2 protein chains.
Amino acid sequence: MQSPREFAATSAYSSPMQILIADDHPLFRVALAQAVRAVAPEAHIVEVGTFDAALAELATTPPADLVLLDLHMPGSHGLMALATLRAEYPAVAVVLVSAHDDVATVQRALVHGALGFISKRSHLDELHDALRTVLTAQTWVPPALQASLAGHPVATTERQLAARLAALSPQQMRVLVLVADGLLNKQIADRLGVQERTIKAHLSAIFERLEVRNRTQASVLLRSLELADPAQRLDD
Amino acid sequence: MQSPREFAATSAYSSPMQILIADDHPLFRVALAQAVRAVAPEAHIVEVGTFDAALAELATTPPADLVLLDLHMPGSHGLMALATLRAEYPAVAVVLVSAHDDVATVQRALVHGALGFISKRSHLDELHDALRTVLTAQTWVPPALQASLAGHPVATTERQLAARLAALSPQQMRVLVLVADGLLNKQIADRLGVQERTIKAHLSAIFERLEVRNRTQASVLLRSLELADPAQRLDD
DNA sequence: TGCTGCATCGGACCATGGTCCAATGCGGCG
DNA sequence: CGCCGCATTGGACCATGGTCCGATGCAGCA
């Protein structure tokens, strides 16, 4: 069998590639699945329509090798989904799929650990190219954006933000997400099935890694991932 | 202080119309000013490049009658600037100016109290029409969007959000903004030159009006104005 | 003139958040 | 095997947040 070589030397001759497609638009979901089958007939494909369903699917064993993740989905939009997913499953490759394909958004996605960015406005042949590329574990961005991407320096603050969030453990990220929803420590503890004391310990660690001093600042940091605001600001 | 619905009538025989142009793009700023002069030669125009400068200018007496406010500016982007400004100066008419002219954004702006929405992609004659319209205290939206705007129902949650935020007093809004920046009560008190007690009192009132139970939830509410993503926000 | 909302404070009180000390078990890794 | 990061919890302790009782002065308004 000719499974993609570069992709995890471990899975090269083991089980077939597992691909998870997460998109709330059914039509586009099947279109994506068909495109995947066209370039990787042996892949095992699972489709979901919500972010929670994606997490549930990834919880199965073995988890997917590659996730095609829509940027705008019920339950979580923006880069928060990417950060959450990468905290939980660092080994899983995530490719973002979105119609919101401006340079800044694509760049933020890459900085925050996405393997690639597929524009929903791609035509079929470009989509095939994109899938073939990411299936070999290589970065892919829309060709039309490559030039402007090169001339678009990554903001230092964005790098720092990505580095800090990436330093969180899976459980810490879960806690942070609930904090950013405005829940009390006790509520978070119940939700995660642990003692409130444990949540406090996690929060102390989270504050240290995020370099903030209280929960409000931490939630501001996390929620800055949701800002779809493409504009600004390399210079100020 | 005069109501925004009457300023056109009163300006006929009182002092000339005061217009504040707030945009961080110098070129567009002068273009706007020139367009204003073309349709209202007697108007007194002031230009600023940051949101803070806009607030400072409005603090002068008499304050401007009309503000042309860019959606994306250093210091505050998104609808948070609109909410802040309207809380501080309820009598001032605010017209948003942005290139981000999708239906959802325009509609959110109107729901949150903007008098109009001018697209930066307008041509000169359309810009003139827009300015003439808002100068008579009438709502203006890009003609190209009017049809889709009509068929685009306003989300109930968005209305509620606007109603709650609009219920805040000027000082309460100032406190909320600082809370959403992650500041401690003591720091907010120092910043506003009052006792920490007073901040606590304000916060209790804020929580009641926003129908939340702690500062983190309140800041989530305010920061949801920054989300360029108009999408769904379902309660869990 | 009363009424209402705003903004400011006070005391007492309790809840929540957060830190510093420490410990245990677990699993990966050199 | 020892080391380290992760997750969990405990006790003690303090800081901060938040509420409930009140109060004052002020400005606008019917």
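A note on names: the letters A, B, ... follow the listed sequences, proteins ahead of strands, and every chain is numbered from 1. Just so it is clear, the model here is predicted, and its values are computed rather than measured.
Look at N185(B) and you'll find a side-chain N or O under 4.0 angstrom from OP1 or OP2 of dG17(D). The shortest distance between the side-chain N/O atoms of S169(B) and the OP1/OP2 oxygens of dC6(C) is not below 4.0 Å. Side-chain nitrogen and oxygen atoms of R213(A) include none within less than 4.0 Å of the OP1 or OP2 phosphate oxygen of dG18(C). Checking the phosphate oxygens (OP1, OP2) of dG10(D), no side-chain nitrogen or oxygen of R197(A) falls inside 4.0 Å.
Counting to the nearest Å, the C1' atom of dG17(D) and the CG atom of L184(A) are 11 Å from each other. Straight-line distance from the CZ atom of R215(A) to the C1' atom of dA15(D): 14 Å, rounded to whole Å. Whole-Å rounding puts the Q217(A) CD to dT16(D) P distance at 13 Å. One interatomic measurement links the two molecules: CD of Q171(A) to P of dG27(C), which rounds to 16 Å at whole-angstrom precision. dG18(D) atom C1' lies 13 Å from atom CD1 of I188(B), rounded to whole Å. In this structure, I199(A) atom CD1 and dA15(C) atom P are separated by 21 Å, rounded to whole Å. Between the CG atom of L192(B) and the P atom of dC9(C) there is a distance of 11 Å, given to the nearest Å.
In the set dG17(C), dG17(D), dA7(D), dG17(C) carries the atom at the smallest distance from any side-chain atom of E196(A).
In this structure, a donor-acceptor pair under 3.5 Å is present between the side chains of Q138(B) and T136(B). No side-chain donor-acceptor contact under 3.5 Å links Q172(A) and H202(A).
Here the rule is salt bridge (charged side-chain N to carboxylate O under 4.0 Å, His left out) with R164(B), and of E211(B), E158(B), E208(B) only E211(B) fits it.
Residues from residues 200-209 of chain A with heavy atoms under 4.0 angstrom of DNA chain C, sorted by number: K200(A), L203(A), S204(A), F207(A).
Salt-bridge formation is detected for the pair R29(A)/E47(A): a Lys NZ or Arg NE/NH1/NH2 atom is positioned less than 4.0 Å from an Asp or Glu carboxylate oxygen.
Nearest-nucleotide positions on DNA chain C for N214(B) and Q195(B) put Q195(B) closer to the 5' end.
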Original post:
Just the dot-bracket of DNA chain C, please: which string comes out with Watson-Crick or G-U pairs under 3.5 Å, [ ] for crossing, | for another strand?
Top reply: ||||||||||||||||||||||||||||||
Original post:
Is there a side-chain contact (heavy atoms from CB on, under 4.5 Å) between H44(A) and M17(A) once you walk through the steps?
Top reply: CA-CA 6 Å; H44(A) 179 35; M17(A) 173 97 43; over 6 Å; no
